[in-house]
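Note sheet for the following structure.
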Amino acid sequence: MSKIWIVMIAVGLLTFVTRLSFVLLLERWQPPEIIRRGLRYVPVAVLTAIFIPEMLVSDGALVLSPLNPRMIAGIAAILVAWKTKSALWTIAIGMIVFLLVNMVV
């Protein structure tokens, strides 16, 4: 068995055990209500931390130009997500706007 397979199996097992530990822990212990309320905002915070820099930073510099294709596509995708609540439409419109703006600019 090659080393890459050993590494892949080890990482897979570690990931499984880590996630299983939380499932087993939460079965026995319920966090306080304030923690549960705060955890509802984690996905939104993480996604925002991922996509805002991708939209506004290029080569380490803040790009707030109205000709920034990522920013224009991101704003379009945010509006579509807000109106439709559909991930498929959000991704599709965001990509189409990005491609169109890239062709024009």
Side-chain angles (χ1 to χ4, degrees):
M1 187 183 283
S2 69
K3 289 181 183 179
I4 190 72
W5 283 106
I6 294 170
V7 171
M8 287 176 61
I9 290 170
V11 169
L13 286 173
L14 283 171
T15 302
F16 178 75
V17 169
T18 304
R19 293 179 185 206
L20 181 64
S21 67
F22 284 106
V23 170
L24 294 177
L25 174 68
L26 290 178
E27 188 176 272
R28 294 184 178 94
W29 175 75
Q30 290 297 318
E33 179 62 28
I34 192 165
I35 293 176
R36 276 190 268 157
R37 281 192 317 214
L39 287 174
R40 289 191 319 209
Y41 299 104
V42 169
V44 173
V46 169
L47 286 174
T48 302
I50 291 170
F51 77 78
I52 291 296
E54 281 298 318
M55 282 175 38
L56 301 178
V57 177
S58 180
D59 295 326
L62 186 63
V63 182
L64 295 175
S65 166
L67 299 176
N68 179 354
R70 290 180 177 188
M71 185 175 71
I72 295 169
I75 291 170
I78 289 168
L79 292 173
V80 169
W82 177 52
K83 285 302 241 180
T84 67
K85 309 277 191 275
S86 167
L88 180 63
W89 280 111
T90 301
I91 293 168
I93 297 299
M95 289 302 296
I96 290 168
V97 170
F98 180 74
L99 293 171
L100 290 174
V101 171
N102 263 338
M103 287 192 304
V104 172
V105 173

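Nearest approach of Thr90 to Ser86, heavy atoms of both residues: OG1-O, 2.7 Å. Nearest heavy-atom pair, Asn102 versus Pro69, reported as atom, atom and distance to 0.1 Å: OD1-CG, 3.3 Å. Closest approach of Gly94 and Ala73 over heavy atoms only: O-CB, 3.4 Å.
Counting only distance, with no hydrogens or angles, the side chain of Asp59 and the backbone of Ala61 share no donor-acceptor pair below 3.5 Å. When atom types are taken as modelled, the side chain of Arg70 and the backbone of Leu56 share no donor-acceptor pair closer than 3.5 angstrom. In this structure, Asn68 contributes its side chain and Met55 its backbone to a donor-acceptor pair below 3.5 Å.
In the hydrophobic clustering, Val44 connects to no other residue, as no ILVMFWY side-chain heavy atoms lie under 4.5 Å from its own. Counting side-chain heavy-atom gaps under 4.5 Å among Ile, Leu, Val, Met, Phe, Trp and Tyr, the cluster of Ile35 also holds Ile34, Leu39, Val42, Val46, Ile50.
In this structure, Lys3 places its NZ atom where only 12 or fewer heavy-atom neighbours from other residues, nucleotides or ligands lie under 6.0 Å away. Heavy atoms of other residues, nucleotides or ligands lying less than 6.0 angstrom from CZ of Arg19 number 12 at most.
Distance check, rounded to the nearest 0.5 Å: OG of Ser65 to CD1 of Ile72 gives 7.5 Å.
A single hydrophobic cluster is not seen to contain both Ile78 and Tyr41; linkage of ILVMFWY side chains at heavy-atom distances under 4.5 Å, directly or through other members, places them apart. One hydrophobic cluster, built from ILVMFWY side chains closer than 4.5 Å, holds both Met8 and Leu13. Val105 and Met95 fall into different hydrophobic clusters, where Ile, Leu, Val, Met, Phe, Trp and Tyr residues are linked whenever their side-chain heavy atoms come under 4.5 Å apart, directly or through other members. A single hydrophobic cluster is seen to contain both Val80 and Val101, as judged by linkage of ILVMFWY side chains at heavy-atom distances under 4.5 Å, directly or through other members. A continuous path of hydrophobic side-chain contacts links Trp82 to Ile75 [ILVMFWY only; heavy atoms under 4.5 Å].
For Arg40, the salt bridge (charged side-chain N to carboxylate O under 4.0 Å, His left out) criterion is met by no residue, not counting sequence neighbours.
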